[in-house]
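What's counted below: heavy atoms across the whole structure, side chains too, no hydrogens, waters or symmetry copies. In this text, all values refer to a predicted model and were calculated from it rather than measured experimentally.
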Amino acid sequence: MITALFDNTWAVALTQAAAAVLLVVGVLLVARRYGVSMFGEATWAMARGFVQVVAVGSVLAVLLRGPVWTALPVLLGMFAAAASIAQRRARGIPGAYRLILGSLLIGAGGVIVVMAALGVLRWEIATLVPVGSMLLSNAMNACTQMLERLRSDIAAHRGDIEAKLALGGAPASCVAPYVESAVRASMIPQVNTMTALGIVFIPGLMSGMVLAGADPVQAAIYQFVVIAMILAAGGLTAMTAAVLVRSRFFTAADQLVVPAD
């Protein structure tokens with residue numbers, strides 16, 4: 001209906017964005033009636049997200065005409081921004097920014113480098129930046145979920161952990177069950193996505209390739225490859241962050257310290 005009202009593609013795009021915003025606002029107003037107050041946070045997130053994605057699209061329009069090496073500073077900037085965003089969810093953990101950034105570089109960065117070296121990802125900005133951003137965003141979410149779950153589990157089982165420490169248990173072994181459950185929980189969204197692939201939803205990358213004229217089966221295979229890379233990047237990032245962060249819940253004297261929420 002919107003496309004029938006306007007001939008200008010810019011007008012169609014902006015109207016579609018306005019319709020999506022109104023839909024979200026409606027949901028938030030209904031949620032407020034039930035005592036769920038997220039109107040300010042969600043509207044700010046939408047405004048910020050719109051500005052950011054338009055800015056990135058404008059930058060990509062210029063970068064896609066440049067040499068492939070320009071993908072490196074773009075991706076490094078994304079890694080720094082992702083670590084900064086995730087740090088806000090890891091308050092109270094000493095050195096959270098460096099820990100998260102290092103985990104993202106090892107997890108998502110390692111997957112990007114390996115898959116590009118194998119030729120799975122083409123050495124082109126049009127491939128490295130969009131696919132890299134998908135891997136990075138999901139790895140950031142996995143890392144954040146793992147840190148939040150681990151902190152809350154350690155806080156909830158503080159008495160049990162301190163009892164094991166008092167009996168001579170090593171700090172790493174005392175928190176090992178909670179590290180395992182936190183990593184497992186952080187990977188559940190990616191595992192569910194892989195399980196539902198092609199049945200519950202057809203991802204946007206595959207849809208875009210089909211609309212662009214690619215063979216549907218080849219598009220489906222490549223979509224599987226991307227989802228598998230997302231799962232690998234998220235899992236490796238979460239495990240790396242878990243190994244790095246577990247010692248930060250203890251003092252030099254092996255005393256348990258639970259960061260404030």
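Using modelled atom types, no side-chain atom of Arg33 and backbone atom of Leu28 make a donor-acceptor pair closer than 3.5 Å. Between the Thr237 side chain and the Ala233 main chain, a donor and an acceptor come within less than 3.5 Å of each other.
In this structure, Arg158 places its CZ atom where more than 12 heavy-atom neighbours from other residues, nucleotides or ligands lie under 6.0 Å away. For Tyr97, the OH atom counts as densely surrounded, since its 6.0 Å shell holds more than 12 non-hydrogen atoms of other residues, nucleotides or ligands.
Here Leu76 contributes atom CG and Leu105 contributes atom CG; the two are 7.5 Å apart, rounded to the nearest 0.5 Å. For the atom pair Met140 CE and Phe79 CZ, the distance stands at 11.5 Å (nearest 0.5 Å). Note: Leu104 CG to Ser137 OG = 10.5 Å, rounded to the nearest 0.5 Å. With values rounded to the nearest 0.5 angstrom, His157 atom NE2 is found 8.0 Å from Ser181 atom OG. From Cys174, atom SG reaches atom CZ of Arg246 across 11.5 Å, with rounding to the nearest 0.5 Å. Between the CE atom in Met239 and the OG atom in Ser186 there is a gap of 8.5 Å [rounded to 0.5 Å].
Inspection of the Arg48 and Gln52 side chains reveals an N or O donor paired with an N or O acceptor under 3.5 Å.
Of all the heavy atoms in Val245 and Leu150, the pair that sits closest is CG1-CD2, 3.6 Å. Residues Ser173 and Ala170 approach most closely at OG-O, 2.8 Å, considering heavy atoms. Contact detail for Ile112 and Gly132: the closest heavy-atom pair is CD1-CA, 3.7 Å. Nearest heavy atom pair, residue Ala142 against residue Gly234, reads CB-O, 3.7 Å. Between Leu231 and Gln190, the shortest heavy-atom distance links the atoms CD1-CB, 3.6 Å. Among all heavy-atom pairs drawn from Gly169 and Leu165, the shortest one is O-CD2, 3.6 Å.
Val25 and Val30 end up in different hydrophobic clusters when Ile, Leu, Val, Met, Phe, Trp and Tyr side chains are linked at under 4.5 Å. With hydrophobic clusters built from ILVMFWY side chains whose heavy atoms lie under 4.5 angstrom apart, Val129 shares a cluster with Val114. Under a hydrophobic-cluster definition in which Ile, Leu, Val, Met, Phe, Trp and Tyr are linked whenever side-chain heavy atoms come within less than 4.5 Å, directly or via other members, Leu29 and Val21 are assigned to the same cluster. Linking ILVMFWY residues whenever their side-chain heavy atoms come closer than 4.5 Å, directly or via other members, leaves Val243 and Met146 in distinct clusters. Placement of Leu101 and Val111 within a single hydrophobic cluster is found when ILVMFWY residues are connected by side-chain heavy-atom separations under 4.5 Å, directly or transitively.
Taking the side chain as every heavy atom from C-beta outward, Met78 and Val74 approach each other to under 4.5 Å. Side-chain contact check for Ile227 versus Ile230: some heavy-atom pair is nearer than 4.5 Å. A heavy-atom distance below 4.5 Å is found between the side chains of Gln145 and Pro189. Annotation: side chain of Arg122 is not in contact with side chain of Leu128 (no heavy-atom distance under 4.5 Å). With a 4.5 Å cut-off on side-chain heavy atoms, Met194 and Phe224 count as touching. The shortest distance between side-chain heavy atoms of Ile100 and Leu147 falls below 4.5 Å. Looking only at side-chain heavy atoms (C-beta outward), Ile161 and Phe249 stay at 4.5 Å or farther from each other.
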Q: Could you check Met115 against Leu135 for side chain to side chain contact (heavy atoms under 4.5 Å, CB included), going step by step and ending with a plain yes or no?
A: CA-CA 12 Å; Met115 299 307 274; Leu135 301 184; over 6 Å; no

Q: Please test Leu99 against Arg248 for side chain to side chain contact (heavy atoms under 4.5 Å, CB included), starting from the C-alpha separation and ending with a verdict.
A: CA-CA 10 Å; Leu99 183 150; Arg248 306 193 183 195; 3.6 Å; yes

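The existence of a salt bridge linking Lys164 and Asp160 is excluded, since no basic side-chain nitrogen approaches an acidic carboxylate oxygen closer than 4.0 Å.
For Thr43, there are no side-chain hydrogen bond (donor to acceptor under 3.5 Å, both in side chains) partners two or more places apart in sequence or in a different chain.
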